[in-house]
Amino acid sequence: MHRPCRSVLIYAGRRRRRSGLAVIIHFNASVPLASDSICTGSSRAMDLVLNVADYHLLTPYVYPASWAEEGALRQILSLLVLTNLGAMVLYLGLGAISYYFVFDHMLMKHPHFLENQVRREIKYALTSLPWISIPTVALFFAEVRGYSKLYDNVSDYSMGWPMVFLSMVSFLLFTDGSIYWIHRFLHHKLIYKLFHKPHHVWKVASPFASHAFHPVDGFLQGLPYHIYPFLFPLHKVLYLALYVFVNIWTISIHDGDYRVPGPLVEVINGAAHHTDHHLFFDYNYGQYFTLWDRLGGSYRHPSALTGNGPLDLIRRLIAEGKLRPDKAAVRGPLNGRTVAACKEE
């Protein structure tokens, strides 16, 4: 059963921002409506995005008047477009900010940093994101249709704001644990080469490697974020905020900024930890925390924090005269030895 709506907008004819006639009808929350199809949005999150897009763009300028905003086909098409645009804006926008203001470009001199790697990362990600969006939109559509446990108002639960805080913590814990096991599964020898190996091409990653996944890999690792609101109550605005946070975090663990506040090094799975995952393959699978890596026996203390990380190797090569500070690294064996310790999958 859907929660009762407090207001419904009924538009005469095709709505236009300049000339459309809008009649606002207010309902008492205790009075049932003749049709609950208008109210299906009271327990969904993507309606926040969909309604804004409908009001300002899609209804007045894109869809014919005969296509009702509540129509399934229209909602699916709209979600497909909005999901792809949103994903690309977040990826390219946040990735560019990280690349130009956070990422240490000295890492591009590393022997394992590939030729034209940044361009290749971006190309691979932009090729994969549309495919990842297809099953993702199916889950968003289920949310729009009111099948999730998303809610509108903090007062909808007796716990109020503590409930919001607890759901944020439980979301992080749930997704961190789920992604850990999905990630380990993707490293299984029967699965790895099919889906996950393309992401490990980037042994020394840039922020743009964050979304450069095989579509199946990307969807599976993103699945816990979308499953959570079908299992547990979550405020819809918090859900969207966490969606943005997840993208920021995913980029941040690929940004080459290895600094972590001292007391948190053993708890937070930061860029230094994830860099070792790319270099040494079967360590540090976690997303936010080191908990599951410790429980699963896959934790590795970051080499970047012990003087043996990628930047340390670059400095040693420069000091030994094997790498000029103003030149890219020579890739492959140098003087008969491998220049970086890196497990080959």
Side-chain angles (χ1 to χ4, degrees), residues 45 87 90-91 94-95 97-98 102-103 125 132 136 163-187 196 199-200 202 205-213 217-235 237-305 309:
L90 286 172
Y91 168 63
L94 296 173
I97 292 172
S98 179
V102 180
F103 178 64
I132 296 172
T136 302
M163 177 66 179
V164 174
F165 175 76
L166 288 174
S167 62
M168 178 176 64
V169 173
S170 66
F171 176 91
L172 294 177
L173 292 175
F174 173 85
T175 54
D176 184 62
S178 301
I179 291 172
Y180 173 84
W181 290 109
I182 291 172
H183 197 171
R184 286 204 71 160
F185 166 74
L186 288 165
H187 275 257
H196 194 52
H199 186 62
H200 274 270
W202 331 113
S206 86
F208 291 110
S210 58
H211 293 58
F213 289 98
D217 183 3
F219 174 71
L220 288 177
Q221 293 204 58
L223 191 58
Y225 305 125
H226 303 295
I227 288 179
Y228 181 92
F230 289 94
L231 301 176
F232 308 101
L234 184 64
H235 193 284
V237 176
L238 177 60
Y239 180 48
L240 292 177
L242 287 169
Y243 182 78
V244 174
F245 167 77
V246 164
N247 280 273
I248 293 174
W249 185 268
T250 303
I251 289 171
S252 76
I253 61 176
H254 294 86
D255 67 11
D257 185 349
Y258 304 136
R259 295 171 296 177
V260 179
L264 299 179
V265 169
E266 303 298 327
V267 178
I268 300 298
N269 185 66
H273 300 72
H274 195 69
T275 293
D276 275 9
H277 174 72
H278 277 255
L279 287 173
F280 303 108
F281 182 64
D282 48 8
Y283 299 97
N284 300 345
Y285 296 98
Q287 182 75 349
Y288 314 114
F289 309 113
T290 62
L291 173 63
W292 283 103
D293 280 301
R294 294 181 182 278
L295 293 175
S298 55
Y299 177 74
R300 178 188 175 97
H301 190 74
S303 60
L305 304 182

Checklist entry - Is there a side-chain contact (heavy atoms from CB on, under 4.5 Å) between Y299 and E266 once you walk through the steps? => result CA-CA 10 Å; Y299 177 74; E266 303 298 327; 3.5 Å; yes

Checklist entry - For atom CZ of R294, is the number of surrounding heavy atoms from other residues, nucleotides or ligands below 6.0 Å larger than 12? => result yes

Next on the checklist: Taking L94's backbone N and O only, do any of them form a donor-acceptor pair with S98's side chain (distance below 3.5 Å, no angle check)?
Outcome noted: no

Checklist outcome for this item: When rounded to the nearest 0.5 Å, the distance separating OH of Y225 from CG of N247 is 8.5 Å

Next on the checklist: Tell me if the CZ atom of F230 is crowded by more than 12 foreign heavy atoms within 6.0 Å.
Outcome noted: yes

Next on the checklist: Donor-acceptor check, side chain of N284 to backbone of H274, threshold 3.5 angstrom: yes or no?
Outcome noted: no

Checklist entry - Of all heavy-atom pairs between H226 and P229, which one has the smallest distance, and what is that distance? => result O-CD, 3.3 Å

Next on the checklist: When you compare the side chains of H196 and H200, does any donor N or O come within less than 3.5 Å of an acceptor on the partner?
Outcome noted: yes

Next on the checklist: Does Y91 have more than 12 heavy atoms from other residues, nucleotides or ligands lying within 6.0 Å of its OH?
Outcome noted: yes

Next on the checklist: Return the CD1 to CG distance between I268 and L291, rounded to the nearest 0.5 Å.
Outcome noted: 11.0 Å

Checklist entry - To the nearest 0.5 Å, how far apart are NE2 in H235 and CG in L242? => result 12.0 Å

Checklist entry - Are F289 and L172 side-chain neighbours, meaning at least one heavy-atom pair lies under 4.5 Å? => result yes

Checklist entry - What class does the angle between the rings of F245 and W249 fall in, given that below 30° is parallel, 30 to 60° is tilted and above 60° is perpendicular? => result tilted

Checklist entry - To the nearest 0.5 Å, how far apart are OG in S206 and CD1 in I251? => result 10.0 Å

Next on the checklist: Applying side-chain contact (heavy atoms from CB on, under 4.5 Å) to L186 and H199, what does each step give before you reach the verdict?
Outcome noted: CA-CA 11 Å; L186 288 165; H199 186 62; over 6 Å; no

Checklist entry - Hey, is the main chain of V102 close enough, under 3.5 Å, to the side chain of D255 for a donor-acceptor pair? => result no

Item to check | Side chain to side chain, P224 and I182, heavy atoms closer than 4.5 Å | outcome: yes

Next on the checklist: Quiz question: by atom type and distance under 3.5 Å, do the side chains of S170 and Y228 form a donor-acceptor pair?
Outcome noted: yes

Checklist entry - Between H277 and D282, is a side-chain contact (heavy atoms from CB on, under 4.5 Å) present by the stated rule, with each step listed? => result CA-CA 6 Å; H277 174 72; D282 48 8; over 6 Å; no

Item to check | Test side-chain contact (heavy atoms from CB on, under 4.5 Å) applied to Y285 and D293, step by step | outcome: CA-CA 7 Å; Y285 296 98; D293 280 301; 3.8 Å; yes

Next on the checklist: As an exercise, state the distance from OG of S167 to CG of L238, rounded to the nearest 0.5 Å.
Outcome noted: 5.0 Å

Item to check | Parallel, tilted or perpendicular: rings of H187 and H183 (30°, 60°) | outcome: tilted

Checklist outcome for this item: Looking only at heavy atoms, the pair that brings A209 and W202 closest together is CB-CD1, 3.9 Å

Checklist entry - Is any side-chain heavy atom of Q287 less than 4.5 Å from a side-chain heavy atom of I253? => result yes

Item to check | Separation between CG of L223 and CD1 of I132, rounded to the nearest 0.5 Å | outcome: 12.0 Å

Next on the checklist: Against V244, only a single residue in L240, I248, V246 fulfils side-chain contact (heavy atoms from CB on, under 4.5 Å); can you say which?
Outcome noted: I248

Item to check | Residue F185 excluded, over 12 heavy atoms near CZ under 6.0 Å | outcome: no

